[in-house]
Amino acid sequence: MALASAAEGASVAISGLRFDIGGRRILDVADWFVAPGRQALLLGPSGSGKTTLLNLLAGLSRPTAGAVAVGGRDLAGMPAAARDRFRGREIGIVFQSLHLVGALSVAGNLRLARYLARLPAAEADIERLLDALDLAGRAAARPADLSQGEAQRVAIARALVNAPSLLLADEPTSALDDANCERVVALLRRQAAARGATLVIATHDVRLKDVFPQRLDLPARP
Amino acid sequence: MNLFLLSLAYLRVRPLNALLNVLLLAVGVATITALILFSAQMRERLARDARGIDLVVGAKGSPMQLILSGIYHVDVPTGNIPLAEAEALAGHPMVAAVIPLALGDNAAGFRIVGTVPDYPAHYAAAPAAGRLWRAPFEATIGAEVARATGWRVGDAFVGSHGLAGADFAHDDHPYRVVGVLARTGTVIDRLVLTAIESVWRVHDTGRRETEAVAETDHDQDDAADEGDSREITVLLVRYRTPLAAVRLPREINGRGPLQAAAPALETARLLTLVGAGLDTLRGFGLLLIASAALGVFIALYNATQQRRYDLAMMRCLGASPARLMGQILLEAQLLAAAGTVLGLAAGHGVTELLGRLLPEAGAMGLTGWTWAPEEFLTVLLVQAVGAVAALLPAVRAYRTDIAKTLATR
Ligand SMILES: Nc1ncnc2c1ncn2[C@@H]1O[C@H](COP(=O)(O)OP(=O)(O)OP(=O)(O)O)[C@@H](O)[C@H]1O
Ligand SMILES: [Mg+2]
C-alpha cells in the first residue's frame with residue numbers, strides 16, 4: 001500500500017490521530033507524513049491545535065487515539081524514560097516562549113542540553129554553532145541580558161546542539177516584522193538543511209504560507 | 001555541565017537566601033557540636049579522674065563537695081580529719097588500699113597536695129624529668145603546672161595559703177622542684193605533689209599568723225590541737241570486695257566524724273544536673289536546624305514554582321523526572337553540606353576557644369582538636385533533614401506536566 005510505504009521511511013508519521021480534552025475534540029488528523037530532511041508547515045488559526053500537535057510530535061503528551069512515529073519509532077509505545085532520552089537526542093524544540101534557563105549563561109544553556117541528553121560535552125561544536133547563529137560574542141551572557149532576537153537564536157541553537165533528526169518550532173515569527181520574519185525562517189531552514197534535520201514549523205502566520213513545500217492546514221475549531 | 005554545576009548555578013541566583021539557610025544550619029550544627037564535644041570530654045574526664053577510686057573519705061559536709069575537692073580538686077574541702085581515724089580506716093578488712101591527701105595551700109594557683117607516691121602511681125604518672133619527692137619541701141609538679149609556670153627541676157617556689165590565688169605567702173617554707181611528671185590527661189597534671197609532712201610543717205608554724213586570717217580549714221586544725229594533732233584532708237579508698245560498696249559507706253557515715261562519698265554516685269548526680277542544662281542548649285541547637293530546614297523547604301518550594309518552565313524545558317531536553325528530582329535534592333544537600341562543614345568548624349573552634357579562654361574549661365582540658373562519635377550522627381541528621389526538606393519540592397519537580405506548563409505564558 002502506498003500509505004504504508006510512505007510511513008516507513010518518514011521522519012514524521014501521523015495516522016488516525018485524535019486528541020480530546022474533557023470530552024472536547026481538539027485535534028483530528030487522519031494521516032500526515034514528512035520525509036526525512038523535508039521542511040513542513042503546520043498552519044491554522046489560533047486555537048486550531050498547532051501547539052497540541054507539536055506536543056504530540058515531541059512525545060510530551062499522549063494521543064487519545066491514533067499513533068505518532070518519529071524516525072520510525074512509535075512514541076506512545078516507548079517506556080517513559082526511553083521517550084525522554086529519545087526526545088533529548090532526536091528532537092529539537094523551539095518554543096514560542098523560549099524558556100531559556102536564566103541561571104545559566106548562553107553557552108551553559110547549550111551545555112545543559114547536551115548533558116541532559118547524556119551526550120558528551122562538545123565545546124568546539126557549541127562555539128561553531130554560536131558562530132553560525134551570530135552569537136559568537138554572547139557565549140558568556142545571561143539570557144536576561146539578551147535582546148529578543150538574540151534570545152530566539154539561542155533557543156534555536158539549543159534545539160540544534162544535540163544534532164536532532166527533527167526540529168520543531170512553535171510560532172517562531174509571530175512577534176516579528178516582515179524583515180525579521182524572513183530572516184528567522186531562512187535561518188531555521190538553512191540550519192535544518194545544513195544538519196539534515198527535518199523541520200516542522202507551527203504558525204498562524206500566513207506570511208509563511210507559500211514558503212514551504214509541504215503544508216498541513218488545521219481547521220479552526222469552534 | 002552536570003547536576004552539581006546546575007545546582008550551584010541555581011544557588012548563585014539567590015545568594016543571600018542560600019547564605020541565610022547555610023548560616024542558620026551552621027549555627028545549629030555548631031551549637032550541637034560544641035555541646036557534644038563538651039559533654040563527651042567532661043564525661044571522659046570525670047570518669048578518668050575517678051577511675052579505680054571506690055570511696056572518698058573526709059570531713060562531714062556535702063558529699064558532692066567532698067568528691068569535687070578530693071578527686072577533681074575544684075571545690076574547697078569539707079575540712080580535715082584526724083590522721084589516726086584515717087589510719088584506723090586503712091586497716092579495715094574491707095579496704096584494699098588507701099591514698100591520703102593533705103590540702104590547704106596553692107602554688108601559683110595550682111593546688112599543693114601532700115600525699116604518698118601511690119597517688120601519682122594511681123594515675124600512671126611517672127616523672128618526665130627528675131624524680132618523685134623524698135623529703136619534705138621537695139615537690140614533683142604536674143605537666144600543666146610546669147607548662148604554665150615554667151618551673152623546672154631545681155627551681156624553688158613558695159606556697160600561698162588557700163586553694164587559689166596568692167593571698168598569703170608562706171615565705172618561710174620554700175619548696176624545691178625535684179621532678180616534673182609526664183602529661184597524663186588527668187587531674188594530676190594540674191597538681192603540685194609533695195610529702196604530707198610538708199603540709200603539716202607549713203601549718204604547724206604558720207598557725208599563729210594565720211589565726212587572723214581565719215580560714216575555715218585552719219579553724220578545724222585548732223579544734224584538734226591536743227595530742228596527735230596531725231590531720232589529712234581526704235582519704236581515697238579502694239575496696240577489697242564489691243560487698244564493701246554496700247557496707248563500708250554506711251559504716252563510716254554512721255559513726256564518728258568521718259564522711260564517705262562514692263564518686264560513681266556523685267558524678268552521676270553531677271552529670272544529671274549538668275545534663276539538664278546541656279539538654280536545653282541541645283534543644284536550642286535542634287530548633288535552629290529545624291528552622292533552617294524550614295527555610296530550605298520554603299526556598300526550594302518557591303524555586304520549583306519559579307522554575308517550573310526550566311523544569312519542563314529540561315524534560316524536553318531529555319531529562320528524566322528522576323533526574324530533575326535529583327537536582328532539587330542535590331541542591332538541598334549542597335546547602336546542608338555547606339552548613340554542616342561550616343557548623344562543624346565553628347563548633348570545634350568555639351570549643352577550642354572556650355578551653356583556652358575559660359580557666360574552668362581549661363582545667364577540664366577542653367579542646368576542639370578532637371571529635372566525638374556523635375558528631376557523625378549530627379552530620380547524618382542534617383543531611384537527612386535537608387533531604388526531607390527537599391522531598392516535597394523534588395516530588396513537585398518530578399510531577400511537572402511538561403505540555404501544560406510550557407503551554408502557559
Ligand atoms: N491543557 C489544556 N486544557 C484545556 N484545554 C486546552 C489545553 N491545552 C489546549 N487546550 C485547548 O485546545 C485548543 C488548542 O490549543 P492549542 O494551544 O493547541 O492551539 P494553537 O493552535 O497552538 O493556538 P495558538 O495559535 O493561539 O497558539 C484550544 O482551544 C485550547 O483552549
Ligand atoms: Mg500555540
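Each chain gets a letter, A, B and so on, in the order its sequence line appears, and its residues count up from 1. What you see below is based on every heavy atom in this structure, not just the backbone, and it leaves out hydrogens, waters and symmetry mates.
- Shown here is Phe86(A), whose CZ atom has more than 12 heavy atoms of other residues, nucleotides or ligands within 6.0 Å.
- The closest side-chain heavy-atom distance from Met314(B) to Leu112(A) is below 4.5 Å.
- Within 6.0 Å of CD in Gln148(A) there are 12 or fewer heavy atoms belonging to other residues, nucleotides or ligands.
- Counting non-hydrogen atoms of other residues, nucleotides and ligands closer than 6.0 Å to CZ of Arg356(B) gives a total of 12 or fewer.
- More than 12 heavy-atom neighbours from other residues, nucleotides or ligands sit within 6.0 angstrom of CD on Glu352(B).
- Under a cut-off of 6.0 angstrom, the local environment of CZ in Arg25(A) is crowded, with over 12 non-hydrogen atoms contributed by other residues, nucleotides or ligands.
- By the side chain to side chain contact (heavy atoms under 4.5 Å, CB included) test, Gln39(A) is found to be paired with Arg189(A), Ala192(A), Ala193(A), Leu199(A), Phe212(A), residues two or more places apart in sequence or in another chain being considered.
- Looking at Cys316(B) and Ile91(A), their side chains never come closer than 4.5 Å, going by heavy atoms from C-beta outward.
- The neighbour count for Arg73(A) CZ, taken as heavy atoms of other residues, nucleotides or ligands under 6.0 Å away, does not exceed 12.
- Contacts of Ala141(A) classified as side chain to side chain contact (heavy atoms under 4.5 Å, CB included), with partners at least two apart in sequence or in another chain: Val106(A), Arg138(A), Leu146(A).
- Interface remark: Ala121(A) contributes no atoms to any contact with chain B (heavy atom separation under 4.5 Å).
- Residue-level contacts of residues 10-45 of chain B with chain A, in order of numbering, are Tyr10(B), Arg12(B), Val13(B); threshold 4.5 Å between heavy atoms.
- For the pair Arg323(B)/Tyr115(A), a side-chain contact is recorded, criterion being any heavy-atom separation below 4.5 Å from C-beta on.
- Contacts between residues 51-62 of chain A and chain B, counted as heavy-atom pairs separated by less than 4.5 Å, involve Asn55(A), Leu60(A), Ser61(A).
- The CG atom of Leu406(B) sits 4.5 Å away from atom NE2 of His99(A), with the distance rounded to the nearest 0.5 Å.
- Side chains of Met1(B) and Leu104(A) form a contact here, defined as non-hydrogen atoms less than 4.5 Å apart.
- For Arg48(B), the CZ atom is densely surrounded, since the number of other residues' heavy atoms within 6.0 Å is greater than 12.
- In this structure, Arg87(A) contributes its side chain and Leu317(B) its backbone to no donor-acceptor pair below 3.5 Å.
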